[in-house]
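A short write-up of the structure that comes next.
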Amino acid sequence: MSVYAGPVQDLIDELGRLPGVGPKSAQRIAFHLLKLPKEDALRLARAIGEAKDRVTFCPRCFNIAEGDECSICTDTRRDATVICVVEESRDIVAVEKTGEYHGRYHVLQGAISPIEGIGPDQLKVKELLARVDAEGVQEVILCTNPNIEGEATAMYLGRLLKPLGLRVTRIASGLPVGGDLEYADELTLGRALEGRRDVEGD
Ligand SMILES: [Zn+2]
């Protein structure tokens, strides 16, 4: 139902494609942008353009990066023998805030979700296995979200990694179940990391 004329409806449609933005919010944001002085609205458009031009994904860990590898992969003080596996780049921010972790990361860029048709092939799983082999990794911490998709992903990776003879751990429960890592406070997430448990091999 397009009530609005061309460009207004186009704007609403584009905004409505963003995660967590329903039709009503899309409409509200669109009208907010229309009311703004042109310069303010264009600043947003430019910020999107700049980010798309300059930000890429790290070819090693798939974190966001400017240039080639990300700032964590290129930091020689980080422990390269431990990899913390997360779903999205924003989860790295959550783990970094705990100050408890000094290894490297691997961003899957999603989680297994049969409902959304996302299987291991759509995630950076092959790339993780290649790193474990090539980088002398001794421990992989499965730090996916404590919800159905995150648990399924952790279980899947546990089964793949365990036979490779390295330590595979899962962050401890205690995080709000069904929630996202990014909403956990530093203290809780820090404790969950510290209390991580070895994944059972089967
Ligand atoms: Zn990286």
Side-chain angles (χ1 to χ4, degrees), residues 18-19 47-113 116 118-147 149-162 164-172 175 179-186 188-190 192-194 196 199:
L18 300 173
I48 296 172
E50 280 269 294
K52 292 303 290 180
D53 283 344
R54 288 175 49 190
V55 180
T56 53
F57 291 104
C58 173
R60 185 190 296 269
C61 76
F62 302 94
N63 183 17
I64 48 170
E66 268 190 72
D68 193 23
E69 289 197 347
C70 75
S71 56
I72 291 175
C73 286
T74 50
D75 185 346
T76 50
R77 289 163 303 178
R78 310 278 314 199
D79 181 356
T81 66
V82 191
I83 292 181
C84 179
V85 177
V86 295
E87 292 177 23
E88 303 289 350
S89 283
R90 60 177 189 266
D91 299 326
I92 292 182
V93 179
V95 175
E96 286 297 289
K97 271 202 220 146
T98 69
E100 301 272 334
Y101 182 69
H102 309 288
R104 283 180 174 169
Y105 292 91
H106 190 84
V107 182
L108 294 170
Q109 296 194 334
I112 293 174
S113 170
E116 291 176 50
I118 300 172
D121 290 347
Q122 275 90 49
L123 306 172
K124 302 294 179 193
V125 173
K126 273 194 314 297
E127 292 82 353
L128 172 65
L129 295 177
R131 288 184 66 189
V132 165
D133 205 34
E135 293 176 27
V137 175
Q138 285 162 21
E139 181 180 356
V140 171
I141 305 173
L142 302 172
C143 202
T144 50
N145 285 328
N147 55 25
E149 293 79 16
E151 293 299 345
T153 307
M155 203 178 287
Y156 175 82
L157 292 177
R159 282 205 201 106
L160 274 185
L161 292 165
K162 198 72 188 168
L164 304 180
L166 69 165
R167 190 175 178 210
V168 185
T169 53
R170 172 82 175 120
I171 48 168
L175 291 169
D180 280 352
L181 285 190
E182 57 176 326
Y183 300 128
D185 64 275
E186 295 101 272
T188 311
L189 185 52
L193 263 177
E194 209 178 329
R196 64 188 187 270
V199 168

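Just so you know, these numbers use all the heavy atoms, side chains as well, and skip hydrogens, waters and symmetry mates. Keep in mind the model is a prediction, meaning the values are calculated, not measured. Note that ligands are numbered from 1 as they come in the structure, with each ligand's atoms numbered from 1 the same way. The residues of the chain are indexed from 1 along the displayed sequence.
Of the possible donor and acceptor atoms, one in the side chain of R170 sits under 3.5 Å from a partner among the backbone N and O of L142. With hydrogens and angles ignored, the 3.5 Å screen pairs a side-chain donor or acceptor of Y101 with a backbone N or O of C84. The closest donor-acceptor contact from the side chain of T153 to the backbone of I112 lies under 3.5 Å. A distance-only check finds no donor-acceptor pair linking the side chain of R131 to the backbone of L128 [under 3.5 Å]. Checking side-chain atoms of R196 against main-chain N and O of A172 turns up no donor-acceptor pair under 3.5 Å.
Annotation: protein N, O or S atoms under 2.8 Å of the Zn ion (ligand 1) (waters excluded) comprise C58 SG, C61 SG, C70 SG, C73 SG.
In this structure, the side chains of D68 and T56 stay at 4.5 Å or more apart for every pair of heavy atoms.
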